[in-house]
Amino acid sequence: MSEDRHPLFMPLILVGGLIFGFGLGFSQMARPEVVLHFLQFEDFGLLFVMFGAAIVSGIAFAVMPRVRDSAPLTGDRYERRLKPFDRNVLIGGAIFGVGWGLSGICPGAAYASLGVGNVAILWAIGGMFAGAYLQGAWRSRRAAADSAASSAD
């Protein structure tokens with residue numbers, strides 16, 4: 001990632017977040033009961049919202065590399081960043097799904113849910129931060145143990 005970011009980088013991130021949050025609130029996807037109805041196959045509105053957002057994003061990601069060589073705000077080149085599909089992705093996805101089902105909301109919609117007055121969602125947001133912290137601590141401890149074992153060889 002480029003260190004010389006455009007001065008409008010952070011303000012435009014804020015604008016993007018506002019647009020994202022407004023869209024989630026407007027489409028009622030910031031309400032856990034709507035998400036839970038989707039997960040129980042009772043209401044497929046969330047599927048249409050996600051599909052519509054994916055189409056718009058897909059068009060933008062397909063067109064922008066043809067128009068510009070780099071991202072206008074970061075200066076980063078447009079390129080695919082492939083990540084390995086491994087055991088960690090499967091396990092992490094399963095854990096994410098359990099948390100999504102229990103809280104009734106995904107991380108992005110959780111913040112937007114605060115904006116529509118769902119203060120109880122703070123428990124889920126606190127849980128997301130605690131879970132991310134615990135995973136990071138676990139991964140750091142595991143990496144340290146692996147490097148100590150490899151240096152002992």
Side-chain angles (χ1 to χ4, degrees), residues 1-3 5 9-10 12-62 64-65 71 73-74 76-153:
M1 188 173 292
S2 173
E3 296 297 324
R5 290 191 170 140
F9 181 73
M10 297 303 258
L12 284 178
I13 287 178
L14 177 65
V15 170
L18 288 171
I19 292 170
F20 180 71
F22 185 84
L24 284 173
F26 189 76
S27 63
Q28 299 188 357
M29 297 303 124
R31 295 176 49 204
E33 60 270 17
V34 172
V35 177
L36 289 173
H37 287 153
F38 167 73
L39 293 174
Q40 295 169 348
F41 304 110
E42 295 172 358
D43 179 6
F44 294 104
L46 178 60
L47 186 66
F48 290 113
V49 170
M50 289 190 316
F51 191 64
I55 289 173
V56 173
S57 295
I59 291 170
F61 281 110
M64 284 307 290
L73 295 178
T74 64
D76 293 342
R77 287 183 41 85
Y78 287 111
E79 60 188 4
R80 294 183 73 184
R81 296 184 188 115
L82 297 176
K83 304 222 179 213
F85 183 77
D86 57 11
R87 178 177 61 114
N88 291 338
V89 172
L90 291 173
I91 293 171
I95 294 170
F96 177 85
V98 169
W100 188 18
L102 288 174
S103 66
I105 203 107
C106 68
Y111 298 114
S113 186
L114 276 175
V116 295
N118 183 4
V119 179
I121 204 68
L122 283 172
W123 285 101
I125 292 173
M128 288 188 294
F129 277 101
Y133 177 80
L134 289 173
Q135 193 281 333
W138 175 76
R139 181 169 283 200
S140 296
R141 179 178 289 171
R142 189 169 173 187
D146 288 347
S147 66
S150 65
S151 64
D153 291 339

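Quantities reported herein were computed from a predicted structural model and do not represent experimental measurements.
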So how far is it from Met50 CE to Phe44 CZ, rounded to the nearest 0.5 Å? 11.0 Å

A quick test of your reading: do over 12 heavy atoms of other residues, nucleotides or ligands sit less than 6.0 Å from OH of Tyr78? yes

Leu36 to Gly101 - nearest heavy-atom pair and separation: CD2-O, 3.5 Å

Between CH2 on residue Trp100 and CZ on residue Phe38, distance to nearest 0.5 Å: 5.5 Å

Quick one: does Ser140's side chain have a donor or acceptor within less than 3.5 Å of a partner on Gly136's backbone? yes

Start with the C-alpha gap between Phe51 and Ile55, add the side-chain angles, then the distance that decides, and say whether side chain to side chain contact (heavy atoms under 4.5 Å, CB included) holds. CA-CA 6 Å; Phe51 191 64; Ile55 289 173; 3.5 Å; yes

Those residues at least two apart in sequence (or on a different chain) that pass side-chain hydrogen bond (donor to acceptor under 3.5 Å, both in side chains) with Gln135 are none

Just by distance, do the side chain of Asp146 and the backbone of Ala149 share a donor-acceptor pair under 3.5 Å? no

At their closest point, which heavy atom of Met29 faces which heavy atom of Ile105, and how far apart are they? O-CD1, 4.0 Å

Report the distance from atom CD1 of Ile19 to atom CG of Leu24, rounding to the nearest 0.5 Å. 12.0 Å

Nearest-0.5 Å distance, CD1 of residue Ile125 to CG of residue Leu114: 4.0 Å

Using a cut-off of 6.0 Å, state whether more than 12 heavy atoms not belonging to Phe96 lie near its atom CZ. yes

Rounded distance (nearest 0.5 Å) linking atom CD of Gln28 with atom CD of Glu33: 8.5 Å

After noting the C-alpha distance and the side-chain angles of Arg31 and Asn118, does the key distance pass the side chain to side chain contact (heavy atoms under 4.5 Å, CB included) rule? CA-CA 8 Å; Arg31 295 176 49 204; Asn118 183 4; over 6 Å; no

Rounded to the nearest 0.5 Å, how far apart are SG of Cys106 and CG of Leu39? 9.5 Å

With respect to Ser113, which candidate in Val119, Leu122, Ile121 satisfies the side chain to side chain contact (heavy atoms under 4.5 Å, CB included) definition? Ile121

